[in-house]
Colleague: 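Sharing a structure here in structure tokens format.
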Amino acid sequence: MQNTKAVDIDLAKDLRRGLRHGEFSVVLQPKISLINHQVVGAEILSRWHHPHYGRVTPKVWVVMAESQGLMRELTEWLVRQALQCMFLQVPLSINVCPSVFDRDLVDFIAKEFHKESIAPSLLELEITESVKPRNIRDLADAVRYAQTHGFQVALDDFGAGFCTLSSLLELPVNVVKIDQSIVQKVTQDNSSALICHTLISLAQETGAKVVCEGVETEEQYHRILHMGADMVQGFLFGRPMPIDTVAFYLKGGSSNPRNLRECN
Ligand code: G
Ligand code: MN
């Protein structure tokens, strides 16, 4: 039997092949407005199905992709997937690692969108704040550059990261996504609720819209609703699901999140 290290080395080698041989796919998780309770967009998440090991969690392969220098290629693949999902006619978001978020990548995405005549405003680029960026000024420059091309930019996993407040002040993002570790504690005690409420208000003060991630229970949902967040995402409203399932609900005009729950 192979030890964990040997499996890791195998996986790292397999990642490149997997990406180029169709082992990656995408699922979408709906984003729901707290104003009209409709689906107002979806986050695209990549999944890797290894032929031998089965589903490999993103936590494992994201680190490998970074160390193998594959993150840019993976992001380009994800951009093409996003373009293919645009027939859904809802704004979509993709996750972009700070290490590859630069002017060159933005130029690439802008060109791809231009080729397909798709409005850049339909794409949101989520940059995680859980990985410390090499240089926050360069990252802020890339954020502005993306916005001048018409893309939306979100600060992802807010509250779980290394530089929470400074990243909020220095990155002029359109959207802030509060990390699920903060959101899921809102029903736990008063101080946890206060932290979440304060982060929501703080983000809104900068002019950003706020998404609360990882909402799993009705109780969490009601708390968040009263805290004035703009949108929610989480298993309560829909797990990440195949594109056909999302299309089915959006096409049927039934974007009622209660219905989405039934296909979880
Ligand atoms: O870092 P980011 O927020 O992009 O990660 C999204 C991840 O969170 C996805 O892998 C998704 O499956 C997971 N996720 C989404 N909603 C929930 C939820 O309500 N609960 C939990 N535990 N995980 C969630
Ligand atoms: Mn995200």
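Both counts, for ligands and for their atoms, begin at 1 and track the order of listing.
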Colleague: How many angstroms lie between atom CD of Glu205 and atom OG1 of Thr198, to the nearest 0.5 angstrom?
Modeller: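 Output value for this atom pair is 11.5 Å.
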Colleague: Compute whether any side-chain donor of one residue and acceptor of the other, for Asp156 and Thr128, lie under 3.5 angstrom apart.
Modeller: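 Checked: Asp156/Thr128 side chains show no N/O donor-acceptor pair below 3.5 Å.
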Colleague: Side chains of residues 133-142: which donor-acceptor partners sit under 3.5 Å, not counting sequence neighbours?
Modeller:
from: Arg134; atom 1: NH2; to: Ser99; atom 2: O; distance (Å): 3.3
from: Asn135; atom 1: OD1; to: Arg137; atom 2: N; distance (Å): 2.9
from: Asn135; atom 1: OD1; to: Asp138; atom 2: N; distance (Å): 3.2
from: Asp141; atom 1: OD1; to: Arg103; atom 2: NH2; distance (Å): 3.0
from: Asp141; atom 1: OD2; to: Arg103; atom 2: NE; distance (Å): 2.8

Colleague: Would you name the heavy atoms of Val153 and Gln147 that are closest together and state the gap between them?
Modeller: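 Residues Val153 and Gln147, closest heavy atoms: CG2-CG, 4.0 Å.
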Colleague: Contacts table for ligand 1: protein N or O within a distance under 3.5 Å of ligand N or O, distances only.
Modeller:
from: ligand 1; atom 1: 1 (O); to: Asp157; atom 2: OD1; distance (Å): 2.9
from: ligand 1; atom 1: 1 (O); to: Asp157; atom 2: OD2; distance (Å): 3.3
from: ligand 1; atom 1: 3 (O); to: Asp157; atom 2: OD1; distance (Å): 3.2
from: ligand 1; atom 1: 3 (O); to: Glu213; atom 2: OE2; distance (Å): 2.7
from: ligand 1; atom 1: 4 (O); to: Glu43; atom 2: OE2; distance (Å): 2.9
from: ligand 1; atom 1: 4 (O); to: Asn95; atom 2: OD1; distance (Å): 3.2
from: ligand 1; atom 1: 4 (O); to: Asp156; atom 2: OD2; distance (Å): 3.1
from: ligand 1; atom 1: 8 (O); to: Gln180; atom 2: NE2; distance (Å): 3.3
from: ligand 1; atom 1: 12 (O); to: Arg47; atom 2: NH2; distance (Å): 3.4
from: ligand 1; atom 1: 16 (N); to: Gln29; atom 2: NE2; distance (Å): 3.0
from: ligand 1; atom 1: 19 (O); to: Phe235; atom 2: N; distance (Å): 2.8
from: ligand 1; atom 1: 20 (N); to: Glu216; atom 2: OE2; distance (Å): 2.5
from: ligand 1; atom 1: 22 (N); to: Gln180; atom 2: OE1; distance (Å): 3.2
from: ligand 1; atom 1: 22 (N); to: Glu216; atom 2: OE2; distance (Å): 3.0
from: ligand 1; atom 1: 23 (N); to: Gln180; atom 2: OE1; distance (Å): 3.3
from: ligand 1; atom 1: 23 (N); to: Gln180; atom 2: NE2; distance (Å): 3.4

Colleague: Any idea how many protein N, O or S atoms are nearer than 2.8 Å to the Mn ion (ligand 2)?
Modeller: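 Of the protein's nitrogen, oxygen and sulfur atoms, 4 lie under 2.8 Å from the Mn ion (ligand 2).
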Colleague: Is it the case that over 12 heavy atoms from other parts of the model lie below 6.0 angstrom from the CD atom of Glu219?
Modeller: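 Not more than 12 within 6.0 Å, no.
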Colleague: Pairs of donor and acceptor atoms involving the side chains of residues 223-235, under 3.5 Å and at least two apart or interchain, shall be tabulated with distances.
Modeller:
from: Arg223; atom 1: NH1; to: Val186; atom 2: O; distance (Å): 3.1
from: His226; atom 1: ND1; to: His222; atom 2: O; distance (Å): 2.8
from: Asp230; atom 1: OD2; to: Gln204; atom 2: NE2; distance (Å): 3.0
from: Asp230; atom 1: OD2; to: Val210; atom 2: N; distance (Å): 2.8
from: Gln233; atom 1: OE1; to: Lys177; atom 2: NZ; distance (Å): 2.8
from: Gln233; atom 1: NE2; to: Gln29; atom 2: OE1; distance (Å): 3.0
from: Gln233; atom 1: NE2; to: Glu43; atom 2: OE1; distance (Å): 2.8

Colleague: Locate the shortest heavy-atom distance separating Ile182 from Phe158; write the atom from each residue and the value.
Modeller: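 Looking at all heavy atoms of both residues, the shortest contact is CG1-O, 4.3 Å.
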Colleague: Tyr145 and Asp102: side-chain donor and acceptor closer than 3.5 Å?
Modeller: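 No, no side-chain donor-acceptor pair sits under 3.5 Å.
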Colleague: Which heavy atom of Asn174 sits nearest a heavy atom of Phe151, and at what distance?
Modeller: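 Nearest pair, atom of Asn174 first, then Phe151: OD1-O, 4.3 Å.
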